[in-house]
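For clarity, every value in this text was computed on a predicted model and none was experimentally measured. Below, all heavy atoms of this structure are taken into account, side chains as well, without hydrogens, waters or symmetry copies.
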Amino acid sequence: MLYNSTQNAAEVVSAAQAIAQGISKDGGLFVPQEFPKYSAETFNELLKLDYKGRAKKVFADFLSDFTEEEINDCVENAYTKEKFGSDNPAPLAYAKLNGRELNILELWHGPTCAFKDMALQILPHFLTKSLKKTYDGKDAVILVATSGDTGKAALEGFKDVDHTKIIVFYPVDGVSPMQKHQMNTQEGNNVTVCAIKGNFDDAQTGVKKIFTTPEISAKLEANNMLFSSANSINWGRLLPQIVYYISAYCDLVNAGKIAMGDKINVVVPTGNFGNILASYYASIMGLPINKFICASNSNNVLSDFIKTGVYDKNRHFYTTISPSMDILVSSNLERLLYKLSGNNADTTKELMTALKTVGKYEVSDEIKAEITSKFFGGFCNDEQTKATIKALFDTDNYLCDTHTAVAVNVYEQYVEQTGDTTPSVIASTASPYKFSKAVLEAVSDGTNLPENEFDMVEKLFEVSNAPVPAPLAALKDKKARFSDVTEVNSMPQYVLDALNIK
Ligand SMILES: *Cc1c(COP(=O)(O)O)cnc(C)c1O
């Protein structure tokens, strides 16, 4: 299977090259030229496999330049019981709200307690093998812009991995205290963490600029290094996310909740559009999905886009209690636009150029019609998010985090507006203990709350009895290693300094 750039039809690369490079030189994103199609027979085979078996099948179909042994090695080392707490790294939980059954796909049982682990525990394995195939002997420099969860998950995935260095930038006031502490205490000899004076979009734009500045790439090249990306612009990040939608469907069939062939809806709390795009790719492969329900917080640029076909990032940026979704430029939407324009790199480039220059674009009527027929966009504010956390906890004793609550809230809106009763899978993207303060405010009377983050964790445990994930509990007595803060326009120099390059 070969991959194209979304912005240049002439760019054709192997899977290994797409993963090693992260982003195309023209600024486009790598996408598969075509998708494997799974028949009823294939799904019936997948039913019998465990998560790892399903993952191996999907990866083999997309990573055609990897051997079976290489894929086995990646999967077996990534999704271990030790790292994910059980043999199923992505289990379903069932809860009820307003008489409706919620199938909650818990994607946060990995080492950093956010769904990013599902991809970032395996990406380093994909990447080191890809480097060997394509740029043997070079070291990969992983640059990450994070709204909180990607940074820690990438650091944890890449720490002390041979032939890699990782540098993470996060918005100084844009992550939760637990997220900040997770990153600043990171161990490993190849890691650097730095805050930037700006928001997530500034960090992401800054990183993209460094990637595509030829002089900087040349300096790395001269030092036997090359840039790669662990953000969801990297194909190696998206691919593992396809697996858990397919696996969840199989689990629902095996649990007798649906019959093979039945349609489901997916509900995804969305920021950079990677997670929901993975479900869309799964549907192209044959997974029967009825609606993609895209849930945003007050940064509702995506729900507006889904309703109107106009993407306009020129609006107020809100800092919310679901910080991993505080994003106005959703990178992976580019891949959807490419697909919906009939794999048209020229159209995609035009739209992305408009986004870069005027911060706004409008898609054609055909694309708009396609989007409104498949996607539903909705959003809720912080108050509504907390009310949903409380409702779900009070009704069914199920404690969810602030991002998952946005999805549940928007799902409720969807059902009320449409009456659609199709069984739905809600992606649960983080442990509530990553956002203890907001969750605690939601489920308690909000008075006499402790100030210290770990006292809040304890209090939340007292109130809810939900188990505290061991990796978060272990952070309590850890000292911070990193405290740098830099201006956005100093990011390139910061990177060169961190790499000891003149
Ligand atoms: C990253 C993240 C999201 C957003 O996912 P995208 O793939 O960027 O849309 C939602 N919730 C949590 C907890 C996250 O960490």
- Task: Decide side chain to side chain donor-acceptor pair (under 3.5 Å) for Glu334 and Thr6; before the verdict, give the C-alpha distance in whole Å, the side-chain angles of both, and the deciding distance to 0.1 Å.
- Result: CA-CA 7 Å; Glu334 177 170 347; Thr6 50; 2.7 Å; yes

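- The CG atom of Leu131 sits 11.0 Å away from the CD atom of Gln21 when rounded to the nearest 0.5 Å.
- Listed by first and then second residue, the salt bridge (Lys or Arg N to Asp or Glu O under 4.0 Å) pairs that reach into residues 10-34 come to none, sequence neighbours excluded.
- Here Lys219 contributes atom NZ and Lys502 contributes atom NZ; the two are 10.5 Å apart, rounded to the nearest 0.5 Å.
- For the pair Lys368 and Glu362, the salt-bridge criterion is met [side-chain N within less than 4.0 Å of a carboxylate O].
- A salt bridge links Lys478 with Glu187; the closest basic N to acidic carboxylate O contact falls under 4.0 Å.
- The line from CD1 of Ile233 to CZ of Phe30 is 10.5 Å long, rounded to the nearest 0.5 Å.
- Residue pairs that meet the salt bridge (Lys or Arg N to Asp or Glu O under 4.0 Å) test with at least one member in residues 299-315, sequence neighbours left out, are Asp304-Arg315.
- A salt bridge between Lys57 and Asp61 is present, with a side-chain N of the basic residue lying under 4.0 Å from a carboxylate O of the acidic one.
- Judged purely by atom type and a 3.5 angstrom limit, Asp65 uses its side chain to pair as donor or acceptor with the backbone of Ala16.
- Phe115 has its ring centre no less than 6.0 Å from the ring centre of His403.
- In this structure, the side chains of Asn4 and Asn343 stay at 4.5 Å or more apart for every pair of heavy atoms.
- Among residue pairs with one or both ends in residues 127-151, those qualifying as salt bridge (Lys or Arg N to Asp or Glu O under 4.0 Å) are Glu70-Lys133, Asp73-Lys129, Lys138-Glu221, Asp149-Lys434; sequence neighbours excluded.
- Residue Leu127 holds its CG atom at 5.0 Å from CZ of Phe158, rounded to the nearest 0.5 Å.
- Counting all heavy atoms, side chain and backbone alike, Pro240 lies closest to Ile122 at CG-CG2, 3.5 Å.
- In this structure, Lys52 pairs ionically with Glu76, as a charged nitrogen and a carboxylate oxygen lie closer than 4.0 Å.
- Taking the six-membered ring where tryptophan is involved, the planes of Phe211 and Phe227 are perpendicular, since the angle between them exceeds 60° and thus also 30°.
- In this structure, Asp50 places its CG atom where more than 12 heavy-atom neighbours from other residues, nucleotides or ligands lie under 6.0 Å away.
- Aromatic ring orientation, Tyr79 versus Phe84: tilted (interplanar angle from 30° to 60°).
- Glu370 and Lys374 are joined by a salt bridge, as a carboxylate oxygen and a charged side-chain nitrogen come within less than 4.0 angstrom of each other.
- Taking SG of Cys74 as the start and CG of Asn72 as the end, the distance is 9.0 Å to the nearest 0.5 Å.
- Remark: the backbone N or O of Lys83 is paired with a side-chain donor or acceptor of Thr80 at under 3.5 angstrom.
- Neither side chain, Trp108 nor Thr429, offers a donor N or O lying under 3.5 Å from an acceptor on the other.
- Ser247 contributes no side-chain N or O that, together with a main-chain N or O of Tyr244, makes up a donor-acceptor pair within less than 3.5 Å.
- Aromatic rings from Phe126 and Phe59 are positioned such that their centres are separated by under 6.0 Å.
- More than 12 non-hydrogen atoms from other residues, nucleotides or ligands lie less than 6.0 angstrom from OH of Tyr281.
- Looking only at distances, a side-chain donor or acceptor of Ser330 sits under 3.5 Å from a matching main-chain atom of Gly271.
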